[in-house]
Amino acid sequence: MNADVAVENTSAIALWNDPTAPVSARVDALIDAMTLEEKTAQLFGVWVGASDEGGEVAPHQHEMEEPVDLDALLPTGLGQLTRPFGTVPVDPALGALSLARTQARIAATNRFGIPALAHDECLAGFAAWGATPYPVPLSWGAAFDPALVREMAEAIGRDMRSVGVHQGLAPVLDVVRDARWGRVEETIGEDPYLVGTIGTAYVQGLESAGIVATLKHFAGYSASRAGRNLAPTSMGPRERADVLLPPFEMAIREGGARSVMNAYTDTDGVPSAADEALLTGLLRDTWDFDGTVVADYFAIAFLKTLHGVAADWADAAGTALRAGIDVELPNVKTYGAPLTEAVADGRVPEALVDRAVRRVLTQKVALGLLDPDWNPLPAALDATDEDDPSALRGRIDLDGPANRALARTLAEQAIVLLSNDGTLPLDRPRRIALIGPNADEPTAVLGCYSFPQHIGVRHPDTPLGIELPTLRETLAAEFPDTEITYARGTGVDDGDLSGLAEATRLAREADVTLVVLGDRAGLFGRGTSGEGCDVATLALPGAQQQLLDALLDVETPVVTVLLAGRPYALGRAVGESAAIVQSFFPGEEGTRAIAGVLAGRVNPSGRLPVSVPRGPGSQPGAYLGAPLAHASEVSSIDPTPAFAFGHGLSYTRFEWTDLAVEAQEAPTDGEFALSLTVCNTGERSGTEVVQLYLHDPVASVVQPVQRLIGYSRLALEPREARRLRITIPADLASFTGRDGRRVVEPGELELRLSASSADPRLTARVTLTGAERHVDHTRRLHATILQEQTT
């Protein structure tokens, strides 16, 4: 299925097809040969669905867009194919053949043989039918394990490349500012350093597999007023610079991300899609980003329809192109005929089109899409497969044993034990009362961007394509000699109280009650968590709190288990529940991981990536706040969380001792060196997460009370100890000063070695000396933490 493409010079290979020529020369030659219509065609996508029969893709009819005529579009070329696997259920092998046939047609139809770049969602795994749904990003944050997240991302990338996809729309690097926002489950947490390090690891894994990682949403989406989706963002430039931008900066500089997606929101009246200072001034001129900027779906059209900063489609196109958006997604609306006409009549300079198409073509050349040996068939297929497509069904497995093992490991590391009076792990109870709306629901472990919850719900007659054991099933396997009685009690959000009597009766007859609460992931109000599923308060949805309180009134010990997309206030359970186990949509292996924690087969090691509120109305309530954001005597509202960022218990105990500081002072361009010993003093192996926070008591602008600047997971056997040696560059004390530049100021600091943001174990008081020092995006971003075995 090699595409034979007609070019004017048939006697020799065209320069743009010559892999020995410099990329820039190939791209320049191609742009010089293209018409305006051929150039703009590279700047938009078409939303399609792969065929489950192996035929060509079919355009997806979205309610926000008019039908697309592929026959009319393809002669001038096509920039992107939108979500060929993430639109309808399709067998992976047949979908790969469908995509390959479509790519051959695209390349054969345009003069230069340029195929489209295919992108898909991969927020918590490749969002395709039959692909592994891994834990959601909030669980990545809970694991505090960048190496494991990188491994997962590489596996996701390999699966995507195996079926012909080039670009993944992940990771989400938005820092949680208000947990009422529906998309909290898609984020990594409420701390920029945690988000940056975990997100960068994900980018590294995806890019190492040959997938173009797309950072989103740039920038400010998660800081919307009242946690509402697409609401305006009210923040100053310092909050943006010090909280929201660092994860993007890190993922570009250290992750090598090749694409960025704009945020929908406006900040102080300027929509991100129209923000030239952000998308060009900062991203490209300052950070030297040389990849593509793609529009979040319909974001360019929103400049006219939602933001009111463009008069018509051509105005929207010119505004976005000038700001720095290179590709319109998901469909063509503004970058097609409206943009072409605006260039022709002089309203938009053609140089802006050339700038964008150069970035797009540079990426396509780098992916090998213009090489003479390019073949649209992915490695998993060969030319003979076209003869009998039906024989392909089941050929490609996107949920193999290695994927599932990786998903289980991450799920186990991400489960957070919030409280425990000694009831856990369960010691062979005679009877367990299993209660709650998520106890026997297979999809309760999945986030809104998993295929079953995102697309599968619209195809109820199509099998899930993956194994999703319920917690009821995995508990039966984990406790084969225990009688497990079950009652739903109430629904996730239906408010039904008719099942409370049965639930409390079963609880009275049991040795222990497991109540399984939380969310149902969905989109735009179809769930309690997910895109467009924002909430007014952090009270448990529906009648779940009433169910929980009724069970707490019974004398049987209650273990509260949460399968959720955000943290919730748990009321009386904080003090009265025998134990609380928190998971954030832990993926297809999540219930096995939870059962393992309950039984003690797994020693919990997760730590909270977001604070768990004490009351339902205390938002915004992230730990990363200035003194005035915390409890005080002059307000009747106490935002102190029930469980702080970084908190998590274990079934063993750890002792932190022997803090040593090599020098109490260092210049503003120097570094500090600390060391401490951590010992597992318990009777079983376990993992401690050492967290390093910086407290700056006096600065020229208001600072957070503390902020995370480093962390390390330590897996220790009983009685095993390790010495941690930590080097902390002064650059980590930098912040955005009054003049808008990042500064390292002299003065006293506290370096807090903590088990959570509320649990400092050892504190080093040090001093930076010398003159103020300005730093930029090339500053050092990390402390160095080395683990040494002790005797």
Novice: Using a 4.5 Å cut-off on heavy atoms from C-beta on, say whether the side chain of Thr470 contacts that of Val445.
Specialist: no

Novice: Would Met160 and Cys122 count as a side-chain contact (heavy atoms from CB on, under 4.5 Å) here? Give the steps.
Specialist: CA-CA 9 Å; Met160 298 178 80; Cys122 58; 3.7 Å; yes

Novice: Side-chain donor-acceptor pair under 3.5 Å between Asp326 and Thr292, yes or no?
Specialist: no

Novice: Indicate yes or no: at least one non-hydrogen side-chain atom of Pro146 is less than 4.5 angstrom from one of Gln204.
Specialist: no

Novice: Do the non-hydrogen side-chain atoms of Pro378 and Arg161 ever get within less than 4.5 Å of each other?
Specialist: no

Novice: Counting only heavy atoms from other residues, nucleotides and ligands, does the tally under 6.0 Å from CG of Asp371 exceed 12?
Specialist: yes

Novice: Could you please spell out the steps behind the side-chain contact (heavy atoms from CB on, under 4.5 Å) verdict for Leu97 and Leu377?
Specialist: CA-CA 7 Å; Leu97 179 60; Leu377 280 173; 4.3 Å; yes

Novice: Would the distance check show the side chain of Arg358 and the main-chain N or O of Val353 forming a donor-acceptor pair, the cut-off being under 3.5 Å?
Specialist: no

Novice: Is a side-chain N or O of Asp18 found less than 3.5 angstrom from the main chain of Ala14, in a donor-acceptor match?
Specialist: no

Novice: With sequence neighbours left out, write down each residue that passes salt bridge (Lys or Arg N to Asp or Glu O under 4.0 Å) with Asp296, or none if nothing qualifies.
Specialist: none

Novice: Rounded to the nearest 0.5 Å, how far apart are CG of Leu406 and CG of Leu148?
Specialist: 5.5 Å

Novice: Hey, are the side chains of Tyr335 and Leu321 touching, using non-hydrogen atoms and a 4.5 Å cut-off?
Specialist: yes

Novice: Does Lys364 count as lying over the ring of Phe112, i.e. NZ or CZ under 6.0 Å from the six-ring centre, within 45 degrees of the axis?
Specialist: no

Novice: Give a yes or no on whether the backbone of Ala33 and the side-chain of Arg111 come within a donor-acceptor separation of less than 3.5 Å.
Specialist: yes

Novice: Looking only at side-chain N and O atoms, does Asp399 offer a donor or acceptor that is under 3.5 Å from a partner on Thr132?
Specialist: yes

Novice: May I ask you to check whether Tyr134 and Trp140 place their ring centers less than 6.0 Å from one another?
Specialist: no

Novice: Which pair of non-hydrogen atoms, one from Cys533 and one from Gly522, has the smallest distance, and what is that distance?
Specialist: SG-O, 3.7 Å

Novice: Using every non-hydrogen atom in the two residues, find where Ala128 and Leu398 come nearest and quote the distance to one decimal.
Specialist: CB-CD1, 4.4 Å

Novice: Salt bridge check: are Asp354 and Arg359 linked by an N-O gap of less than 4.0 Å?
Specialist: no

Novice: Distance from Leu169 atom CG to Glu121 atom CD, nearest 0.5 Å?
Specialist: 4.5 Å

Novice: Just so I know, are the side chains of Val184 and Ser529 near enough to count as touching, which here means a heavy-atom distance under 4.5 Å?
Specialist: no

Novice: Run the side-chain contact (heavy atoms from CB on, under 4.5 Å) test on Val293 and Leu283 for me, step by step, so that the C-alpha distance in whole Å, both residues' side-chain angles and the decisive distance to 0.1 Å come before the verdict.
Specialist: CA-CA 10 Å; Val293 175; Leu283 182 63; 3.6 Å; yes

Novice: For Ser259 and Gln167, run side chain to side chain donor-acceptor pair (under 3.5 Å): C-alpha distance rounded to whole Å, both residues' side-chain angles, the deciding distance at 0.1 Å, then the answer.
Specialist: CA-CA 9 Å; Ser259 189; Gln167 181 172 2; 3.1 Å; yes

Novice: How long is the gap from CZ on Arg592 to CD on Glu412, to the nearest 0.5 Å?
Specialist: 11.0 Å

Novice: Just do the side-chain contact (heavy atoms from CB on, under 4.5 Å) check on Glu531 and Glu186 with the steps written out, would you?
Specialist: CA-CA 9 Å; Glu531 185 172 1; Glu186 301 179 42; 4.1 Å; yes

Novice: Over all heavy atoms of both residues, which pair between Thr82 and His119 is shortest? Give the atoms and the distance, please.
Specialist: OG1-CE1, 3.1 Å

Novice: Checking Arg408 now: which residues fulfil salt bridge (Lys or Arg N to Asp or Glu O under 4.0 Å) with it, not counting sequence neighbours?
Specialist: Glu589

Novice: Can you measure from OG (Ser272) to CE (Met261) and round to the nearest 0.5 angstrom?
Specialist: 12.5 Å

Novice: Could you check whether any side-chain N or O of Ser208 sits under 3.5 Å from a backbone N or O of Gly205, counting only pairs where one atom can act as donor and the other as acceptor?
Specialist: yes

Novice: Backbone N or O of Arg258 within a donor-acceptor pair of the Glu207 side chain at under 3.5 Å?
Specialist: yes

Novice: Distance only, no hydrogens: is a donor on one side chain within 3.5 Å (strictly under) of an acceptor on the other, for Tyr449 and Glu185?
Specialist: no

Novice: Let me see the working for Asp174 and Lys216 under salt bridge (charged side-chain N to carboxylate O under 4.0 Å, His left out), right down to the final yes or no.
Specialist: CA-CA 7 Å; Asp174 295 294; Lys216 56 187 193 180; over 6 Å; no

Novice: How far apart are the closest heavy atoms of Ala21 and Leu15, and which atoms are they?
Specialist: CB-CD1, 3.6 Å

Novice: Rounded to the nearest 0.5 Å, how far does CG of Asp91 lie from CD1 of Ile396?
Specialist: 7.5 Å

Novice: Does Thr109 use its side chain to pair, donor to acceptor, with the backbone of Arg105 at less than 3.5 Å?
Specialist: yes

Novice: Between Arg26 and Trp16 (side chain of the first, backbone of the second, donor and acceptor by atom type, cut-off under 3.5 Å), is there such a pair?
Specialist: yes

Novice: If only atom types and distance count, is the side chain of Arg158 paired as donor or acceptor with the main-chain N or O of Ser162 below 3.5 Å?
Specialist: no

Novice: We want to know whether Glu441 and Thr443 form a side-chain donor-acceptor pair, criterion being a heavy-atom distance below 3.5 angstrom.
Specialist: yes

Novice: I want to check something: taking the side chain as every heavy atom from C-beta on, are Asn438 and Arg520 in contact at a cut-off of under 4.5 Å?
Specialist: no

Novice: Side chain of Ser98, backbone of Ser51: donor and acceptor closer than 3.5 Å?
Specialist: yes

Novice: Give me the one residue out of Val172, Ile188, Thr187 that meets side-chain contact (heavy atoms from CB on, under 4.5 Å) with Leu138.
Specialist: Thr187

Novice: Between Asp519 and Thr528, does a side chain to side chain donor-acceptor pair (under 3.5 Å) hold up when you go through it step by step?
Specialist: CA-CA 6 Å; Asp519 281 313; Thr528 60; 2.6 Å; yes

Novice: Using 0.5 Å steps for rounding, measure from the CD atom of Gln103 to the CG atom of Leu369.
Specialist: 7.5 Å

Novice: What orientation do His217 and Tyr221 show, parallel under 30°, tilted 30 to 60°, or perpendicular over 60°?
Specialist: perpendicular

Novice: Does the side chain of Leu370 reach to within under 4.5 Å of the side chain of Leu30, using non-hydrogen atoms?
Specialist: yes

Novice: Can you confirm whether the side chains of Asp159 and Asn403 place a donor and an acceptor under 3.5 Å from each other?
Specialist: yes

Novice: Which class fits the ring pair Phe248 and Phe218: parallel under 30°, tilted 30 to 60°, perpendicular over 60°?
Specialist: perpendicular

Novice: Determine, step by step, whether Thr334 and Glu328 satisfy the side chain to side chain donor-acceptor pair (under 3.5 Å) criterion, reporting the C-alpha distance in whole Å, the side-chain angles of both residues, the deciding distance to 0.1 Å, and the verdict.
Specialist: CA-CA 8 Å; Thr334 69; Glu328 179 178 21; 3.2 Å; yes

Novice: Quick one: are the ring centres of Trp129 and Phe85 less than 6.0 Å apart?
Specialist: no

Novice: Work out which heavy atom in Pro469 is nearest to a heavy atom in Thr474; give both atom names and the distance.
Specialist: CB-CG2, 3.7 Å

Novice: Is there side-chain contact between Lys333 and Ile300, with heavy atoms separated by less than 4.5 Å?
Specialist: no

